[in-house]
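Please see the structure below; I have some questions.
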Amino acid sequence: MYNINKVREDFPILSRQVYGRPLVYLDNAATTQKQLAVLDAMRQEYLNVNANVHRGVHYLSQQATDLHEAARERVRAFIGARKSEEIVFTRGTTEAINLVAHSFCLSQMKAGDEVVVSDMEHHSNIVPWQLQAQQRGIVVRHLPISDDGRLDVDGLEQHLTERTRIVSVAHVSNVLGTINPVAYIVAKCHDHGIPVLVDAAQSAPHMAIDVQQLGCDFLCMSGHKMYGPTGIGVLYGREEWLEKLPPYQGGGEMIDHVSWDKTTFESLPFKFEAGTPDYVATHGLATAIDYMCQLGLDNIEAHERQLTAYCMEQLRSIDGLTVYGPAENHDAVVSFNVGTIHHLDLGTLLDRLGIAVRTGHHCAQPLMTRLGILGTVRASFALYNTKEEIDALVAGLRRVVQMF
Ligand SMILES: Cc1ncc(COP(=O)(O)O)c(C=O)c1O
């Protein structure tokens, strides 16, 4: 296990105060804080290296390109992909899913063909497919979940039809903390020749991921949820699939040759990276990944699982409090409501005590409908959170609840 006090020193924002109270930051599923090493790496790059990548013959451009491509290689190793050609940089999970939805539907689906998502998806894994449904007449189906927020994976095959072309599911729910058995889902779908996209926005920060072990065809993640900068994310795609898909956007960097008659495209992964990439952010992301790997993904997972279990146990001692999601196998996100008190009121009052949580539908309105609620309060943990912060949350909640 790592030294939590030392880790917290790496994130200066954690020692600030809000409303004259120590900040308790429990909104990590929305975005994580950034450690000094990431900020330093990006500052140093802007100060000493900055130049546009790939097309320059000069020294700085080559140095910036080396850093950018080294970051790609770092991401490849982090998720166990076979080749760095399988790593496409995007702005985040949302753009990565939009890329696949657009290019996959355009080239692999006809009107009436089906995509299967689940009832616990973030809007990022619903709306891109709905846009394709509007434009191309594909059909979006959704797998049901149990009352405690688990996918009925044994019944999965009932929802696959002759028209199912792709299945797209969250690895970890950003509301329920459910960890979906994606390796099992992939195996079942592959039995029917159906590829699977995994939305790893909420798993990549918390557990070791190996795309070859998962067997998935696509996997998406966001740098800013992994202690990296905003505006950078990753699409992993199995080479065979990426080769088959047409480009998502057009512009510089992604072409081989352009003429008025015919334009040909660059090889992978550049075919999917139109325009100047955020080459400083990729370096920042690689630095964040290094940091997580130095601490050890297994250590991070063990630390956060302990916090989550402790939080759920403590919260249940509050009268009228409902925790959503499974009791077991629950990742670093805890959503709850207390009686009929509005989640926004709870969140606002907790904020005045210095406790940052998220309230609302968490970009998962179909899930809220399934649960029969309008929203929840959500506390979500990161590698730097402590048991004392959970105590502060629980004590704060007790105080706030008494006001109603
Ligand atoms: C499960 C899940 N998928 C996708 C996203 C979208 O991520 P981003 O906004 O970084 O693209 C989020 C963000 O909260 C998420 O939790």
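For ligands, and for the atoms within them, numbers begin at 1 and follow the listed sequence.
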Problem - Under-4.0 Å heavy-atom contact with ligand 1, by part of Ala170 that carries it - result: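 Neither; nothing of Ala170 gets under 4.0 Å from ligand 1.
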
Exercise for the section: State if Asn125 counts as touching ligand 1 under the rule of any non-hydrogen atom under 4.0 Å. Expected result: no

Handout entry: Carboxylate-amine/guanidinium contact Arg141 Glu114, below 4.0 Å
Key = yes

Handout entry: Residue part near ligand 1, for Thr94, under 4.0 Å between non-hydrogen atoms
Key = both

Exercise for the section: Out of Asp199, Thr90, Asn174, Ile126, indicate the one that has the non-hydrogen atom closest to atom 2 (C) of ligand 1. Expected result: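 Looking at heavy atoms only, Asp199 sits closest to atom 2 (C) of ligand 1.
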
Handout entry: Contact (N/O only, under 3.5 Å) between Ser124 and ligand 1
Key = no

Handout entry: Close approach, Arg91 and ligand 1, non-hydrogen under 4.0 angstrom
Key = no

Practice task
Between Lys225 and ligand 1, find which residue part has any heavy-atom pair under 4.0 Å and reply side chain, backbone, both or neither.
Solution key: side chain

Problem - Qualifying salt bridge (charged side-chain N to carboxylate O under 4.0 Å, His left out) pairs with a residue from residues 316-335, counting only residues at least two apart or across chains - result: Arg305-Asp331

Problem - Winner among Ser222, Gly233, Ala30, Ser203 once heavy atoms are compared against atom 10 (O) of ligand 1 - result: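 When every heavy atom of Ser222, Gly233, Ala30, Ser203 is considered, Ser222 comes closest to atom 10 (O) of ligand 1.
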
Practice task
Would you please say whether a donor-acceptor pair under 3.5 Å links the side chains of Asn337 and Thr322?
Solution key: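 No, Thr322 and Asn337 have no side-chain donor paired with an acceptor closer than 3.5 Å.
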
Handout entry: Any side-chain donor near an acceptor of the partner, Tyr248 and Asn98, under 3.5 Å
Key =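 Short answer, no.
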
Problem - Short N-O contact, Asp152 and Arg150, less than 4.0 angstrom - result: no

Problem - Test of proximity, Gln202 against ligand 1: N or O pairs below 3.5 Å - result: yes

Handout entry: Nearest protein heavy atom with distance in Å, relative to atom 15 (C) of ligand 1
Key =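 Going by distance alone, atom 15 (C) of ligand 1 is nearest to His122 CD2, 3.3 Å.
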
Exercise for the section: Would you tell me whether Ser173 and Thr178 have side-chain atoms, one donor and one acceptor, within less than 3.5 Å of each other? Expected result: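 Ser173 vs Thr178: no donor-acceptor pair found between side chains.
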
Handout entry: Proximal atoms of ligand 1 relative to Thr93 (non-hydrogen, under 4.0 Å)
Key = 4 (C), 7 (O), 11 (O)

Exercise for the section: Return each pair, listed once, that meets ring pair (Phe, Tyr, Trp, His ring centres under 6.0 Å) where at least one residue sits in residues 341-373; pairs must be two or more places apart or across chains. Expected result: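 Residue pairs with at least one partner in residues 341-373: His123-His361.
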
Exercise for the section: Please confirm whether the backbone N or O of Val333 pairs with a side-chain atom of His330, one donor and one acceptor, at under 3.5 Å? Expected result: yes

Exercise for the section: Heavy-atom distances under 4.0 Å are what count here, so tell me which part of Glu95 touches ligand 1: side chain, backbone, both or neither. Expected result: neither

